[in-house]
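Sequence positions, counted from 1, serve as the residue numbers for this chain. The model shown is predicted, which means the values in this text are computed figures rather than measured ones.
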Amino acid sequence: MLMAFWEVQRLTREINYLEKQAIETRTRLEHYQKYASVLGGSSIMTMNNIAGLSPELLPRASMFAQFSNQVSSMSAMQNLQTMKMTGMVPWTGNPLAQYQIEMSAFAKFKEESMKALKQQEIQILNEKEKEIQLEMNQIEQRIKMKRAMLDSVKQLASEEARDSAPKFGLG
């Protein structure tokens with residue numbers, strides 16, 4: 001009988017540990033979803049956009065913000081230079097108008113490049129979310145299994161307690 005009670009205690013501790021893991025995993029999943037939402041909702045990644053992210057994802061987000069800004073700027077500059085060399089950017093003769101045309105083209109190229117980079121990052125985040133969801137499902141399955149075991153051990157302990165109770169000649 002005492003072994004069944006010890007088993008109840010052990011299983012209860014294991015279930016509590018697994019439930020704690022489930023909460024932490026669910027929180028991690030929510031953090032990744034929030035980061036993906038930030039990426040999808042803004043045109044340019046800035047420190048203001050990523051300030052509310054979890055400490056786990058903040059370094060990744062800030063590195064991505066810097067990286068994507070640099071890469072999209074370089075890509076936009078290359079595209080603008082190519083357009084200028086091929087004569088696709090008309091010469092206006094007015095330096096201010098020329099500057100505005102070139103900056104407008106640069107901004108458009110940068111936005112397109114940034115959008116492509118963000119889509120790549122979102123795909124990576126989606127894969128990570130799938131991994132975390134799989135981990136979450138495994139934890140939930142283990143919790144169900146442990147709870148079933150706990151219920152059976154509690155039933156056994158209850159039966160053992162009932163069978164070992166003194167009858168005082170009444171049974």
Side-chain angles (χ1 to χ4, degrees), residues 11-150:
L11 287 169
T12 301
R13 279 192 308 274
E14 287 180 15
I15 290 170
N16 290 340
Y17 175 75
L18 288 171
E19 286 174 341
K20 180 181 178 238
Q21 271 188 319
I23 290 169
E24 290 169 353
T25 304
R26 198 172 296 114
T27 301
R28 205 166 78 237
L29 178 61
E30 290 169 359
H31 291 165
Y32 274 88
Q33 290 168 338
K34 182 177 181 182
Y35 178 36
S37 171
V38 166
L39 279 173
S42 63
S43 58
I44 297 176
M45 294 297 296
T46 65
M47 293 311 277
N48 287 340
N49 298 37
I50 61 176
L53 295 178
S54 72
E56 174 189 2
L57 290 174
L58 197 54
R60 178 187 183 101
S62 64
M63 291 290 286
F64 177 76
Q66 292 172 356
F67 168 77
S68 62
N69 185 44
Q70 290 172 352
V71 169
S72 62
S73 293
M74 288 183 346
S75 174
M77 188 57 75
Q78 288 173 343
N79 287 339
L80 181 61
Q81 291 301 325
T82 301
M83 282 187 70
K84 286 167 69 173
M85 288 172 41
T86 59
M88 296 176 76
V89 176
W91 177 251
T92 63
N94 180 344
L96 181 59
Q98 190 68 36
Y99 177 78
Q100 289 173 335
I101 289 171
E102 290 179 11
M103 286 300 99
S104 176
F106 177 84
K108 183 70 176 159
F109 289 138
K110 184 172 180 170
E111 182 180 337
E112 290 172 2
S113 179
M114 182 70 74
K115 192 180 292 185
L117 289 168
K118 285 178 15 177
Q119 284 304 316
Q120 289 175 354
E121 181 75 350
I122 288 172
Q123 287 176 343
I124 292 168
L125 293 175
N126 286 341
E127 289 300 315
K128 186 64 177 175
E129 286 177 26
K130 287 177 187 176
E131 289 175 20
I132 295 171
Q133 188 61 52
L134 180 62
E135 181 183 340
M136 185 72 199
N137 293 343
Q138 291 171 343
I139 291 170
E140 288 173 353
Q141 286 297 90
R142 289 173 54 203
I143 289 172
K144 285 179 186 176
M145 182 185 71
K146 296 289 183 181
R147 283 190 176 143
M149 290 171 62
L150 179 62

Residue pair [X] / [Y]: nearest heavy atoms and the distance that separates them:
X	Y	answer
E102	L80	O-CD2, 3.8 Å
S73	F106	O-CE1, 3.6 Å
P59	P55	CD-O, 3.2 Å
A22	I139	CB-CG2, 3.8 Å
K34	G52	NZ-O, 2.8 Å
L57	H31	CD1-O, 3.3 Å

Return the set of residues passing side chain to side chain donor-acceptor pair (under 3.5 Å) with N137 (not counting sequence neighbours), or none when no residue passes.
Q133

Charged N to carboxylate O below 4.0 Å: is that the case for E112 and K115?
no

Note: K20-E24 ion pair, threshold 4.0 Å (strictly below):
yes

Between T82 (side chain only) and Q78 (backbone N and O only), is there a donor and an acceptor less than 3.5 Å apart?
yes

Any side-chain to backbone donor/acceptor pair from S113 onto F109? Under 3.5 Å, distance only.
no

Report the residues that fulfil side chain to side chain contact (heavy atoms under 4.5 Å, CB included) with R142, sequence neighbours left out, ordered by chain and then residue number.
L18, Q21

